[in-house]
Amino acid sequence: MSAVEERIEPRPRHVAEFLDILDEPSPASDVREMLKLYRTRGYPFEQAWSRALRTLPQRVVGIDEWHFQLRRTKPAWRAAYERRNRLVDQRA
């Protein structure tokens with residue numbers, strides 16, 4: 001089936017295919033896991049954030065883009081780390 005046919009009439013996907021995609025590690029999932037660990041150890045966000053970013057591999061294709069996107073979304077990471085509801089914060 002061609003890519004065009006796939007878009008017009010997508011084949012059904014099995015749950016296992018989605019789980020394989022979700023289980024693939026990425027720099028974002030690595031940062032999430034490190035932040036989770038640092039939060040349980042009581043680190044303030046800024047310390048946890050810098051440590052988590054330093055643990056990322058440097059020789060991965062596209063790592064510069066990952067760093068850019070992670071830094072760009074830092075406020076959302078902070079809100080999650082501090083368990084703040086963004087909508088509540090915006091109304092206050």
Side-chain angles (χ1 to χ4, degrees):
M1 183 177 281
S2 74
V4 172
E5 291 171 324
E6 178 73 18
R7 282 186 298 227
I8 295 170
E9 198 172 321
R11 67 181 175 85
R13 297 206 180 240
H14 300 282
V15 173
E17 288 180 83
F18 288 115
L19 291 177
D20 286 343
I21 292 168
L22 291 174
D23 284 343
E24 286 185 24
S26 72
S29 63
D30 293 345
V31 167
R32 183 189 66 226
E33 292 303 313
M34 294 307 296
L35 289 175
K36 184 175 162 183
L37 173 69
Y38 293 136
R39 184 176 54 210
T40 61
R41 292 185 178 173
Y43 284 84
F45 176 77
E46 285 300 326
Q47 283 182 355
W49 179 253
S50 66
R51 286 173 181 246
L53 291 183
R54 282 194 308 253
T55 65
L56 293 177
Q58 297 303 309
R59 296 180 185 236
V60 173
V61 174
I63 196 67
D64 292 337
E65 179 66 19
W66 273 107
H67 275 280
F68 173 77
Q69 294 300 334
L70 289 166
R71 285 188 175 99
R72 193 173 74 91
T73 57
K74 184 178 177 181
W77 289 94
R78 179 189 299 277
Y81 189 85
E82 295 171 353
R83 297 183 174 173
R84 287 187 281 135
N85 183 330
R86 189 169 170 217
L87 292 176
V88 170
D89 288 347
Q90 287 177 350
R91 289 185 207 147

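Being a predicted model, the structure only gives us computed values, none of them experimental.
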From [X] atom [atom1] to [Y] atom [atom2], the distance as rounded to the nearest 0.5 Å:
| X | Y | atom1 | atom2 | value |
| --- | --- | --- | --- | --- |
| Phe45 | Glu82 | CZ | CD | 7.0 Å |
| Gln58 | Asp64 | CD | CG | 8.5 Å |
| Asp30 | Leu53 | CG | CG | 11.0 Å |

Practice prompt. For residues Ile63 and His67, determine if any side-chain heavy atom of one lies less than 4.5 Å from a side-chain heavy atom of the other.
Written response: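 Ile63 vs His67: side chains touch.
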Discussion item. If you define the side chain from C-beta out and look only at heavy atoms, does anything of Trp49 sit under 4.5 Å from Val31?
Written reply: yes
Item to complete: For residues Pro27 and Leu56, report the shortest heavy-atom separation together with the two atoms involved.
Response: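 Result for this residue pair: O-CD2, 3.7 Å.
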Response to the item:
Nearest heavy-atom approach of Ala52 to Tyr38 is N-CE1, 3.9 Å
Worksheet, complete the sentence: Residue pairs passing the salt bridge (Lys or Arg N to Asp or Glu O under 4.0 Å) test with at least one member in residues 34-47, sequence neighbours excluded, are Glu46-Lys74, Glu46-Arg78
Discussion item. For Glu65, give me all partners under side chain to side chain contact (heavy atoms under 4.5 Å, CB included), at least two apart in sequence or on another chain.
Written reply: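 For Glu65, the residues satisfying side chain to side chain contact (heavy atoms under 4.5 Å, CB included) (neighbours in sequence not counted) are Phe68, Gln69.
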Item to complete: With sequence neighbours excluded, tell me which residues meet side chain to side chain contact (heavy atoms under 4.5 Å, CB included) with Ala28.
Response: Ser26, Trp66, Leu70, Trp77
